[in-house]
Number of protein chains: 2
Amino acid sequence: MPTTRTSPSEPAPATAARPDRLDTRVLESLVGYNTRRAWSVISSVFAERMAVYGLKQVDFSVLSLLAHNPGATSRQLCATLDILPPNLVSLVAAMDSRGLIERRPHPTDGRAVGLHLTAPGRKLVREAEQTVTQLELDASAKLTARERETLIKLLQKVYL
Amino acid sequence: MPTTRTSPSEPAPATAARPDRLDTRVLESLVGYNTRRAWSVISSVFAERMAVYGLKQVDFSVLSLLAHNPGATSRQLCATLDILPPNLVSLVAAMDSRGLIERRPHPTDGRAVGLHLTAPGRKLVREAEQTVTQLELDASAKLTARERETLIKLLQKVYL
DNA sequence: TATTGTTATACTCTATAACTATA
DNA sequence: TATAGTTATAGAGTATAACAATA
């Protein structure tokens, strides 16, 4: 029987045996640490699978939001996704030159610009949303459908 | 009764009424999106409250890990926290010049360096860990203790 | 030949200040 | 006076390649 450790207050020196596994019990008791690690994993899978569409996570969020909120403005997207206006400019410009979205003058506010998906944009979102759905299931494969729902509900209790 | 929306397939134009709240139902059904948003919130609270100690999240993780794994090497920290070796160098150097850690030659491996907390380092970690514990409770105040446990368990099912 | 720690560097992400045109 | 969108830019975070010392 190797290194039976009963007392957390007497840490085993990592220099001695030097296992690749360190004692992470304190960190793993923290919501923040676990949330960051879980997001890191999902984030990687997302990046891999969405590369074929040339979409990063923010890109997908913006397009999906526009699919369900046609004519939304940059300001609305920023407020919803919690990103800063200057950081959305180049992103929207890139979508525009890719022919995925159109910028139309806002009907009532001359300062604002309404963002609309083009037909190719709508097609891309449809495909991307399906890929994301599958990717999510794969990335959280150790969770049952019920657990997955619970996880989402608890996460929303933290940030909503 | 305003805008009774029964069908998600017929999105209300965001240009018309232009409410600050967009339809985020698709995004909110995704584990990735919710995880990222929750982490963003906790991250902000963490940054605020840990500023007094001059510790970022990675700094805290490293120090806490060293408190419970004295003599751990950079390589071990990198593997455990999933960060790249070049990005740990300046971090460890800063901790060293702040007098929080000591770098001692490794007893058996001449290439490696054992990292140890100094007395001031141990004192700082003790205080910081208490602050983090409280900060976590505040940031997840809408969760019961039971829900908090469940959330952590489910997150670990995703990344462990 | 492989690994630890390091340097230099580049790329992405996020943040701030300041401008313009409309309201 | 305040807001939508933009520009320029700075800082943090994250990534790769290559090297010296040791195993």
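Numbers restart at 1 for each chain; the letters A, B, ... are given by sequence-line order, proteins then strands. Heavy atoms only: backbone and side chains are in, while hydrogens, waters and symmetry mates are out.
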Would a single hydrophobic cluster contain both A/Tyr33 and A/Val158, if residues Ile, Leu, Val, Met, Phe, Trp and Tyr are joined by side-chain heavy-atom contacts under 4.5 Å?
no
Rounded to whole angstroms, how far apart are CZ on B/Arg75 and C1' on D/dA23?
14 Å
Would you say that A/Gln156 contacts A/Ile152 through its side chain, given a criterion of any heavy-atom pair below 4.5 Å between the two side chains?
yes
With heavy atoms under 4.0 Å as the rule, sort A/Val113 into base, sugar-phosphate or nothing.
sugar-phosphate
Map B/Pro85 and A/Gly110 onto DNA chain C by nearest heavy atom, then report which one ends up closer to the 5' terminus.
B/Pro85
Could you state the CG-C1' distance from A/Asp109 to D/dT3, rounded to the nearest angstrom?
8 Å
Taking C-beta and beyond as the side chain, do A/Leu27 and B/Leu81 meet within less than 4.5 Å on heavy atoms?
yes
Nearest whole Å is fine: how far is C/dT7 C1' from B/Leu84 CG?
15 Å
When you check the phosphate oxygens OP1 and OP2 of D/dT3, does a side-chain N or O of A/Arg111 lie under 4.0 Å from one of them?
no
D/dT6 phosphate, OP1 or OP2: any side-chain N/O from A/Arg103 under 4.0 angstrom?
yes
How many whole angstroms separate atom CD1 of B/Ile83 from atom C1' of D/dG13?
11 Å
Using heavy atoms to find the nearest nucleotide of DNA chain D for A/Pro86 and A/Arg36 separately, return the residue whose nucleotide is more 5′.
A/Pro86
Taking CG from B/Asp82 and C1' from D/dA15, how many angstroms apart are they, rounded to a whole number?
13 Å
Relative to each other, are the rings of B/Trp39 and A/Trp39 parallel, tilted or perpendicular (30° and 60° limits)?
parallel
Under a 4.5 Å side-chain heavy-atom rule over Ile, Leu, Val, Met, Phe, Trp and Tyr, are A/Tyr159 and A/Ile42 clustered together?
no
Side-chain donor or acceptor of A/Asn87 under 3.5 Å from a matching atom on the base of C/dA15?
yes
Between B/Phe46 (CZ) and D/dG13 (C1'), how many Å, whole number?
16 Å
Atom-to-atom span, NZ of A/Lys56 to P of D/dT14 - whole angstrom
15 Å
When the distance from NE2 of A/His106 to P of D/dA4 is rounded to whole Å, what number comes out?
10 Å
